[in-house]
Protein chains: 2
Amino acid sequence: MDAPAPRRTRIQREKREVILEAALDVFSTHGFRGATIDQIAEAAGMSKPNLLYYFRRKEDIHTTLMQRLLDTWLAPLREIDDVGDPLTELRGYIRRKLEMARDFPRESRLFANEILQGAPRIMPMLEGELKSLVDEKAEIIKGWMRAGKIATTDPRHLIFSIWATTQHYADFDVQVRAVLGPDRGGEGRFEDAARFLEQLFLSGLVPRR
Amino acid sequence: MDAPAPRRTRIQREKREVILEAALDVFSTHGFRGATIDQIAEAAGMSKPNLLYYFRRKEDIHTTLMQRLLDTWLAPLREIDDVGDPLTELRGYIRRKLEMARDFPRESRLFANEILQGAPRIMPMLEGELKSLVDEKAEIIKGWMRAGKIATTDPRHLIFSIWATTQHYADFDVQVRAVLGPDRGGEGRFEDAARFLEQLFLSGLVPRR
DNA sequence: CTAACGTTTGTCCATCCGGTCAAAAATTTG
DNA sequence: CAAATTTTTGACCGGATGGACAAACGTTAG
């Protein structure tokens, strides 16, 4: 559609990767407007004009990054399937999302930044690709509810709550660490979170008799 | 400590409020770096030099805003009390937090922006005021758990999950609306969210026999 | 009324930032 | 090797932006 045939040399392929990696760092901590081409160029170990030889505009870098992101970002949700035990399926989804928050926090923050600012560049994808994917999975979940496999509730808000709780550990990482302190805020915090979320989503807070 | 005695005229008091109100709009949607003094001045209905007469630096506006914010932002958590039924107490906290997301979404986004970017301006408050407040309330919750009033789990992660799920409706509002669509994304979404969260936190997803 | 004080504005400045350009340097190709 | 092509760089440009300043304007108290 857009790019007819981006024939690239070896150097172009490599350097573009270096730039995208550096840009992920900078965009995810400063947002689009807050990031400067100089910062990205410096992080990528090259001069600004050199960087602009590979990406002609700052926005091109961001767009490329967002396009790649959405695919991997929605992968865990895509995996939800009708076969298999519903509770196991949901538990697996929560686990996968939490692992993504742990392993790809910059991607999570990049996404959060974009949404926070009103999603100016990815609104179409939210209303199109994302909405239809959620609609599809919400139907599956509804089926589980009708079959009595899980409690009856709003499937879309269930998905929101999984997104919110897991991504919180990436997006609000500094706050989580500050509150937990040096002892509890170390590497173990993701295991603690996993244990807590499993219990929350399964049985909530009512004590078992 | 810092300001010895800020004696202000009536006009100063009024105009500063107008500016802070306008700045909340601009900062919460564009972040600190993304916001310009011109934008804020325009939103406040005055010229840039005029605005700079009331706040000498852009950062002063942001700082003032953040200081005020934290007080009101933590108020719901402060209200959690040892007296009264634990489950009722927690349900009330969730409700209050969700109401804040509904009624003060700009404040929520301002806060989220700050944390996302590493909390460069409020880190001390997170490690001090916020941490000790959470520590204090976590102790209360732990007491409830020991008494068998609520399920035993990690009280700090419980608080995180309440923050995450409720603030999600303010911070990720555009995504929530996009996914829910025009019909379900209207005014009713907060009632739906309230119902869902109540059920999630109380009894989770395991179906009742 | 008038002097003192508070408020507003137009103008200006230095810096930053996204982006261009031509020429030099490096690499690939014949 | 030499020509053709790709990559890198330094210098530069125009516009945006944070902020300074003095002069003009408005308000208030004696």
Side-chain angles (χ1 to χ4, degrees), chain A residues 3-66 110 113-114 117 120-121, chain B residues 3-66 110 113-114 117 120-121:
Chain A
R7 238 166 248 124
R8 300 206 163 90
T9 70
R10 174 187 54 88
I11 292 182
Q12 279 170 351
R13 265 177 276 123
E14 288 171 3
K15 292 289 172 85
R16 281 174 65 97
E17 288 309 312
V18 173
I19 292 170
L20 288 172
E21 166 68 23
L24 179 57
D25 248 36
V26 179
F27 279 137
S28 66
T29 51
H30 298 289
F32 181 77
R33 284 255 354 231
T36 72
I37 298 184
D38 275 302
Q39 277 177 306
I40 301 172
E42 161 131 33
M46 63 182 74
S47 66
K48 182 171 67 166
N50 196 186
L51 182 148
L52 286 167
Y53 170 71
Y54 294 102
F55 289 91
R56 278 161 64 201
R57 290 183 300 156
K58 180 184 174 183
E59 202 177 332
D60 292 349
I61 310 176
H62 193 264
T63 304
T64 306
L65 227 36
M66 292 301 296
L110 179 66
N113 256 310
E114 177 70 12
Q117 319 217 333
R121 296 159 225 280
Chain B
R7 241 165 246 124
R8 299 199 215 283
T9 69
R10 175 187 54 87
I11 293 183
Q12 279 170 351
R13 266 177 275 123
E14 288 171 2
K15 291 290 172 87
R16 282 174 63 97
E17 289 309 313
V18 173
I19 292 169
L20 288 172
E21 166 68 23
L24 179 56
D25 248 36
V26 180
F27 280 137
S28 67
T29 50
H30 298 289
F32 181 76
R33 284 257 352 233
T36 73
I37 299 184
D38 276 303
Q39 276 177 308
I40 301 173
E42 160 130 34
M46 63 182 72
S47 65
K48 182 171 67 167
N50 196 185
L51 181 146
L52 286 168
Y53 170 72
Y54 293 103
F55 290 91
R56 278 161 63 200
R57 290 184 300 156
K58 179 184 174 183
E59 201 176 333
D60 292 348
I61 310 176
H62 193 263
T63 305
T64 306
L65 227 36
M66 292 301 296
L110 178 66
N113 256 310
E114 177 70 11
Q117 319 215 333
R121 296 160 223 279

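Naming: A, B, ... by sequence-line order, numbering from 1 per chain.
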### Task
Go along nucleotides 22-28 of chain D 5' to 3' and tag each nucleotide: B for a protein heavy atom under 4.0 Å from its base, S when only backbone or sugar atoms are that close, - otherwise.
-------
### Query
Which pairs count as side-chain hydrogen bond (donor to acceptor under 3.5 Å, both in side chains) when at least one residue sits in residues 51-60 of chain A, sequence neighbours excluded?
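As it turns out, there is no side-chain hydrogen bond (donor to acceptor under 3.5 Å, both in side chains) pair with a partner in residues 51-60 of chain A once direct neighbours are skipped.
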### Query
Atom CE in A:M46, atom CD1 in A:I40: separation rounded to 0.5 Å?
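Here the interatomic distance stands at 11.0 Å.
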### Message
Let me confirm one number: the CD-CE distance from A:E114 to A:M66, rounded to the nearest 0.5 Å.
### Response
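Interatomic distance, A:E114 CD to A:M66 CE, rounded to 0.5 Å: 4.5 Å.
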### Message
Of all nucleotides in DNA chain C that come within under 4.0 Å of a heavy atom of chain B, which is furthest toward the 5' end and which toward the 3' end?
### Response
C:dG6 to C:dC17
### Message
Ring-plane angle category for A:F32 and A:H62, please: parallel below 30°, perpendicular beyond 60°, tilted otherwise.
### Response
perpendicular
### Contacts of A:H30 that satisfy ring pair (Phe, Tyr, Trp, His ring centres under 6.0 Å) - sequence neighbours left out
none
### Task
Write out all pairs satisfying salt bridge (charged side-chain N to carboxylate O under 4.0 Å, His left out) with one or both partners inside residues 26-46 of chain A, taking only residues at least two apart or from two chains.
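Listed once each, the pairs are A:D38-A:K48.
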### Query
Counting only non-hydrogen atoms, which of residues 21-47 of chain B are less than 4.0 Å from DNA chain D?
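Those residues whose heavy atoms fall under 4.0 Å from DNA chain D, taken from residues 21-47 of chain B in numerical order, are B:A35, B:T36, B:I37.
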#### Entry: Neighbours of DNA chain D within residues 49-56 of chain A, by heavy-atom distance under 4.0 Å
A:P49, A:N50, A:Y53, A:Y54
### All side chain to side chain contact (heavy atoms under 4.5 Å, CB included) counterparts of A:L20, not counting sequence neighbours
A:E17, A:F55, A:I61, A:T64, A:L65, A:R68
### Task
Applying side chain to side chain contact (heavy atoms under 4.5 Å, CB included), name anything that partners A:T29, two or more places apart in sequence or on another chain.
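For A:T29 there are no side chain to side chain contact (heavy atoms under 4.5 Å, CB included) partners, ignoring immediate neighbours.
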### Query
Is there a donor-acceptor contact under 3.5 Å from the side chain of B:Q39 to the main chain of B:T36?
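Present.
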### Non-neighbouring partners of A:K15 that pass salt bridge (charged side-chain N to carboxylate O under 4.0 Å, His left out), sequence neighbours left out
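Salt bridge (charged side-chain N to carboxylate O under 4.0 Å, His left out) check on A:K15 returns nothing, list empty.
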### Query
Using a cut-off of less than 4.0 Å, is there contact between a side-chain N or O of A:K15 and OP1 or OP2 of D:dT8?
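Indeed, a polar side-chain atom of A:K15 lies that close.
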### Task
Report the residues that fulfil side chain to side chain donor-acceptor pair (under 3.5 Å) with B:D25, sequence neighbours left out, ordered by chain and then residue number.
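With neighbours one apart ignored, the set is B:R106.
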